[in-house]
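Chain letters run A, B, ... following the sequence lines, proteins first, then strands; residues in each count from 1.
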Protein chains: 2
Amino acid sequence: MANKINAKYQEMAKISKALAHPTRMFIIDKLNEKEHCVCELTEMIGVDISTVSKHLSILKNAGIISAEKRSNMVYYNLQCSCVLNIFSCVLDVIQSNIDSTKEMIE
Amino acid sequence: MANKINAKYQEMAKISKALAHPTRMFIIDKLNEKEHCVCELTEMIGVDISTVSKHLSILKNAGIISAEKRSNMVYYNLQCSCVLNIFSCVLDVIQSNIDSTKEMIE
DNA sequence: TGCCTATTTGGCAAAACTGCCAAATAATGT
DNA sequence: ACATTATTTGGCAGTTTTGCCAAATAGGCA
């Protein structure tokens with residue numbers, strides 16, 4: 001075990017890994033507007049409900065979203081608005097990439 | 001193909017995926033201080049140089065870092081400081097998770 | 001040219017991730 | 001208790017990621 005990467009980076013990668021899927025990015029974007037149950041998200045996304053449930057559990061596990069059971073439905077919310085900052089920072093990086101590409105062409 | 005997730009989320013996930021590894025998070029943190037060649041990073045990380053090279057190519061491919069060849073070494077730099085914002089946002093999420101856990105215990 | 005150092009690439013096996021189906025669990029209403 | 005609806009869990013096959021080794025590539029220097 002020669003690897004010297006410490007717990008800090010492990011933890012950071014865990015958060016990033018939780019975001020590293022288009023469906024999960026979509027879910028975060030939707031939960032930003034308002035809470036949603038698994039059913040609603042499944043309808044929007046168009047994959048099997050079990051798949052959506054698993055994506056939600058990954059996000060919950062990373063501490064990014066929280067679940068609240070009401071009646072027989074489970075409503076999900078962003079746990080902390082700070083995730084949205086990551087969201088917009090990622091968009092900044094994408095914009096910066098577009099700018100770099102433009103520069104190269106010109 | 002019932003999946004309705006669009007290109008925007010694909011692109012965002014791509015960036016996040018590039019960050020989703022402890023070694024790559026470490027590399028970004030180091031490149032923030034100053035540029036480094038593959039050799040130096042390999043020394044710091046403690047894995048095979050080919051592994052480090054592949055991590056670097058993943059980050060480069062995502063437009064997060066840039067490479068400059070000087071003599072027979074390749075020096076890597078952050079392509080855009082905006083990645084650092086993601087970095088600190090991720091740390092915020094971690095801190096928020098810690099706070100939530102604390103609250104739960106009390 | 002030949003040698004040395006730095007880096008990248010190809011290939012492979014092990015591990016992790018993804019998405020489906022089926023089954024289990026939970027709450028509600030009959 | 002039974003049926004219905006919402007959600008989670010287990011399992012499985014297909015795909016992707018990871019990290020090592022070995023080989024290829026590239027630059028500097030004798």
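- Ring-plane geometry between A:Tyr9 and B:Phe26 is classed as perpendicular, the angle between the planes exceeding 60 degrees on a 0 to 90 degree scale with a lower cut at 30.
- Between the CG atom of B:Leu59 and the P atom of C:dT7 there is a distance of 16 Å, rounded to whole Å.
- Toward the 5′ end of DNA chain C lies the nearest nucleotide of B:Cys37, the other residue of the pair B:Lys54 and B:Cys37 mapping further downstream.
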Next item on the list: Show the numbers, then the answer: is there a salt bridge (Lys or Arg N to Asp or Glu O under 4.0 Å) between A:Glu35 and A:Lys30?
Entry: CA-CA 8 Å; A:Glu35 67 170 18; A:Lys30 287 304 157 191; over 6 Å; no
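- Within the 4.0 angstrom heavy-atom criterion, no nucleotide atom of any strand lies near B:Arg70.
- Between B:Tyr76 and B:Lys60, the closest heavy-atom pair is CE2-CD, 4.0 Å.
- A salt bridge between B:Glu11 and B:Lys14 is present, with a side-chain N of the basic residue lying under 4.0 Å from a carboxylate O of the acidic one.
- Computed from coordinates, the A:Asn72 CG to C:dA26 P distance equals 13 Å when rounded to whole Å.
- Within the structure, a side-chain polar atom (N or O) of B:Tyr76 is placed less than 4.0 Å from OP1 or OP2 of C:dT8.
- Base contact: A:Ser53 has a heavy atom under 4.0 Å from a base atom.
- What separates CD1 of B:Ile49 from C1' of D:dA23 is a distance of 15 Å, to the nearest Å.
- Checking D:dG11, D:dA26, C:dA27 against the side-chain heavy atoms of B:Lys69 singles out D:dA26 as nearest.
- Among D:dC20, C:dG19, C:dC21, the nucleotide with an atom closest to any side-chain atom of A:Thr51 is C:dG19.
- Here the side chain of B:Val38 is nearest to one of C:dT7, D:dC20, D:dT7, namely C:dT7.
- Nearest to the side-chain atoms of B:Cys39 among the listed nucleotides D:dT7, C:dT7, D:dG19 stands C:dT7.
- No engagement by B:Ser57 is indicated, since no non-hydrogen atom pair under 4.0 Å with the nucleic acid exists.
- Between the P atom of D:dG19 and the CG atom of B:Leu56 lies a distance of 13 Å, rounded to the nearest Å.
- Between B:His21 atom NE2 and D:dT17 atom P the separation is 12 Å, expressed in whole Å.
- Side chain of B:His55, nearest nucleotide from C:dT8, D:dT18, D:dG19: D:dG19.
- With 2.5 angstrom as the limit on SG-SG distance, B:Cys80 and B:Cys82 come in below it.
- When all heavy atoms of A:Leu56 and A:Ile65 are compared, the pair lying nearest together is O-CD1, 3.5 Å.
- Between the C1' atom of C:dT25 and the CE atom of A:Met73 lies a distance of 17 Å, rounded to the nearest Å.
- Rounded to an integer number of Å, the gap from A:Ile58 CD1 to C:dC17 C1' is 8 Å.
- Between D:dT17, C:dT18, D:dC20, one nucleotide has an atom nearer to the side chain of B:Lys17 than all others, and that is D:dT17.
- Contacts of B:Tyr75 with the nucleic acid, taken as non-hydrogen atoms under 4.0 Å apart, are absent.
- The A:Ser50 side chain lies nearest to C:dA22 when the options are C:dT28, C:dA22, D:dG28.
- Taking atom CG of residue B:Leu19 and atom C1' of nucleotide D:dT17, one finds them 15 Å apart after rounding to whole Å.
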